[in-house]
Amino acid sequence: MKYQTKKKAILLLADGTIFHGKSVGNVEGTSFGEVCFNTGMTGYQEIFTDPSYFGQLMVTTNAHIGNYGTNKDEIESDSVKISGLICKNFSYEYSRDLADKSLQDFLADSNLFAISDVDTRALVSYIRDNGAMNAVITTDLKNLNAIKEQLANQPNMEGLELSSKVSTKEPYFYGDENAKYKISALDIGIKKNILRNLAKRDAYIKVFPYNASYEDMAAWNADGYFISNGPGDPEPLVDAIETAKGLINSNKPLFGICLGHQVIALANGVSTYKMHNGHRGINHPVLNLVTGKGEITSQNHGFAINREETVANEDLIITHEHLNDKTVAGIRMKNKQVFSVQYHPEASPGPHDSDYLFDEFFEMIKN
């Protein structure tokens with residue numbers, strides 16, 4: 001252990017519940033966000049840099065975090081996106097040949113405040129029972145009244161538009177410009193591994209900001225369209241929803257992942273809702289209702305689309321469902337080349353059961 005003593009810290013939930021811990025690195029700090037948990041046993045660096053987690057305090061359920069260090073190639077965006085980290089045992093030392101620095105140094109370089117020595121089993125059980133809520137982690141134990149007041153004034157995730165915080169400001173290109181296919185992608189919080197999966201299937205991608213219009217995206221004359229994952233509530237994304245309507249009406253193939261899935265649903269008149277505590281992990285069971293096959297999937301979302309409205313919609317069919325709670329995990333339009341899933345087929349981290357969805361997208365483009 002690198003530090004002789006550890007600075008006391010707490011996690012304070014919006015309902016007043018307190019969990020005790022210690023400051024990682026013995027630094028002082030305070031950080032606010034919506035508390036959520038991820039059940040993945042590995043992939044912490046990818047999770048911390050996933051734009052879909054913007055504004056959230058991440059609880060890791062694996063007992064040891066940091067033991068394999070970090071690697072510059074295992075990031076999903078250009079910076080850490082979580083608001084703070086809460087874990088049980090934080091490993092200051094690491095043992096992996098491919099690592100280029102410790103997790104402690106990685107977090108310090110990112111100016112991310114983290115606490116350890118928290119009873120994460122009890123914490124996750126509490127969140128499961130009481131739902132995701134705003135929270136704060138802090139070492140400022142002498143000013144708790146002021147901290148509580150600040151916490152009470154934090155905006156709720158429901159109704160919060162966050163894509164503008166993580167999207168590119170200007171269009172950019174990814175991949176080989178001599179590739180066979182051209183894809184226009186709407187970045188509402190895109191992960192790098194999505195771009196890698198598109199590019200390795202011989203695609204050149206132009207990535208557009210969250211508020212790009214259909215006309216902006218169509219002007220490049222792409223072979224197909226893509227709407228990415230991202231953070232926050234989908235319903236405030238009025239520009240993206242309007243753009244999605246244009247992409248749908250273009251009659252070109254359109255694929256959406258996670259937040260993109262919700263935007264496509266909203267463009268079809270299907271509403272979304274905030275879940276009790278969401279799905280976040282790399283072992284979520286999904287049934288493909290078209291093939292009858294099961295998939296183990298990587299998921300990260302706190303909102304879902306309305307199942308009853310989806311069933312009643314004459315233009316949509318449900319293609320996938322989450323086996324734990326029967327939430328809608330995938331949809332397809334009946335008379336358009338449009339489909340989407342609520343999970344992450346690029347799976348970084350996670351299993352590769354759902355790789356075929358990228359292949360299906362390119363089969364649509366070929367045909």
Side-chain angles (χ1 to χ4, degrees), residues 52 174-176 179-188 190-207 217 221-230 244 246-265 267-268 270 279 282 284-301 304-305 310 313 315-323 327-348 350-367:
S52 296
Y174 186 95
D176 180 1
K180 187 174 181 180
Y181 306 106
K182 292 165 62 177
I183 305 296
S184 287
L186 186 65
D187 173 14
I188 49 179
I190 201 163
K191 292 174 66 179
K192 286 189 174 181
N193 210 39
I194 288 174
L195 295 175
R196 295 186 194 108
N197 269 277
L198 294 171
K200 78 178 183 180
R201 288 168 172 83
D202 206 10
Y204 186 45
I205 308 105
K206 186 173 184 180
V207 184
M217 296 184 69
N221 195 30
D223 300 297
Y225 297 111
F226 177 82
I227 305 179
S228 81
N229 62 293
L247 300 179
I248 290 168
N249 290 330
S250 74
N251 289 320
K252 288 187 176 182
L254 170 63
F255 181 23
I257 287 177
C258 206
L259 187 59
H261 160 79
Q262 296 161 8
V263 165
I264 288 172
N268 277 283
V270 174
H279 295 151
I282 57 177
H284 284 257
V286 164
L287 180 64
N288 184 323
L289 299 174
V290 178
T291 66
K293 293 182 178 180
E295 302 170 28
I296 302 302
T297 68
S298 178
Q299 302 207 6
N300 167 22
H301 60 103
I305 73 172
T310 307
N313 190 303
D315 295 324
L316 299 174
I317 60 169
I318 298 175
T319 57
H320 301 75
E321 72 175 13
H322 197 295
L323 288 176
T327 50
V328 178
I331 58 173
R332 185 182 297 267
M333 294 191 68
K334 294 178 181 177
N335 299 312
K336 300 281 188 180
Q337 298 183 92
V338 176
F339 72 109
S340 61
V341 289
Q342 183 61 83
Y343 51 98
H344 287 271
E346 83 286 352
S348 183
H352 298 154
D353 297 25
S354 308
D355 267 1
Y356 70 89
L357 291 165
F358 287 102
D359 297 328
E360 286 187 0
F361 179 45
F362 283 91
E363 282 301 314
M364 281 185 173
I365 292 173
K366 292 174 186 176
N367 296 328

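- No side-chain heavy atom of Phe361 sits under 4.5 Å from any side-chain heavy atom of Leu357.
- Contact between Lys334 and Ile317 at its shortest, heavy atoms only, is CE-CG2, 3.3 Å.
- The CG atom of Asn251 sits 10.0 Å away from the CG atom of Asn335 when rounded to the nearest 0.5 Å.
- Considering only heavy atoms from C-beta on, His322 comes within 4.5 Å of Pro285 through its side chain.
- The closest side-chain heavy-atom distance from Ser250 to Tyr225 is below 4.5 Å.
- The closest donor-acceptor contact from the side chain of Ser228 to the backbone of Ile188 lies under 3.5 Å.
- In this structure, His279 NE2 and His284 NE2 are separated by 6.5 Å, a value rounded to the nearest 0.5 Å.
- Scanning all heavy atoms of the two residues, the minimum distance from Ala329 to Tyr343 falls at O-CE2, 3.4 Å.
- When side chains are defined from C-beta on, Ile194 counts as touching Phe226, because their heavy atoms get closer than 4.5 Å.
- Rounding to the nearest 0.5 Å gives a distance of 7.0 Å between CD1 of Ile205 and CD1 of Ile183.
- Between Asn268 and Met333 the shortest side-chain heavy-atom distance falls below 4.5 Å.
- Between the side chain of Asn229 and the backbone N or O of Ile257, no donor-acceptor pair lies under 3.5 Å.
- Of the candidates His320, Glu295, His344, Glu295 is the only one forming a side chain to side chain donor-acceptor pair (under 3.5 Å) with Ser354.
- Put simply, the side chain of His301 reaches to within 4.5 Å of the side chain of Gln262, judged on heavy atoms.
- The distance between the ring centers of Phe255 and Phe358 falls below 6.0 angstrom.
- Closest non-hydrogen pair, Ser340 versus Ile264, comes out as CB-CD1, 4.0 Å.
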Glu360 and Arg332: CA distance, side-chain angles, deciding distance, salt bridge (Lys or Arg N to Asp or Glu O under 4.0 Å) verdict: CA-CA 12 Å; Glu360 286 187 0; Arg332 185 182 297 267; 3.3 Å; yes
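- With rounding to the nearest 0.5 angstrom, the CG atom of Asp359 is 12.5 Å from the CE atom of Met364.
- The two residues Asn313 and Val270 have their closest heavy-atom pair at ND2-CG2, 4.0 Å.
- The local environment of CG in Asn367 is crowded, with over 12 non-hydrogen atoms from other residues, nucleotides or ligands closer than 6.0 Å.
- Taking CD from Gln299 and CD1 from Ile282, the interatomic distance works out to 12.0 Å, rounded to the nearest 0.5 Å.
- At least one donor-acceptor pair closer than 3.5 Å links the side chain of Ser184 to the backbone N or O of Met217.
- With hydrogens and angles disregarded, a donor-acceptor distance shorter than 3.5 Å links the side chain of Asp353 to the backbone of Ile296.
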Step-by-step side-chain contact (heavy atoms from CB on, under 4.5 Å) determination, Leu289 to Thr319: CA-CA 5 Å; Leu289 299 174; Thr319 57; 5.8 Å; no
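- Within the 4.5 Å cutoff, the side chain of Asp355 has heavy atoms near those of the Asn197 side chain.
- Classification of Asp223 and Lys252 as a salt-bridged pair fails, no side-chain N sitting under 4.0 Å from a carboxylate O.
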Derivation and outcome, side-chain contact (heavy atoms from CB on, under 4.5 Å), residues Gln342 and Val328: CA-CA 7 Å; Gln342 183 61 83; Val328 178; over 6 Å; no
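- Ring-centre distance between Phe362 and Tyr181: below the 6.0 Å cut-off.
- Between Pro351 and Ser298, the shortest heavy-atom distance links the atoms CD-N, 4.2 Å.
- Of all the heavy atoms in Ala244 and Ile227, the pair that sits closest is CB-CD1, 3.9 Å.
- The residues Arg196 and Glu346 are annotated as not salt-bridged, no charged nitrogen and carboxylate oxygen being separated by less than 4.0 angstrom.
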Side chain to side chain donor-acceptor pair (under 3.5 Å) evaluation trace for Asn221 with Lys182: CA-CA 8 Å; Asn221 195 30; Lys182 292 165 62 177; over 6 Å; no
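- At a threshold of 4.5 Å between non-hydrogen side-chain atoms, the residues Leu254 and Gln337 do not count as touching.
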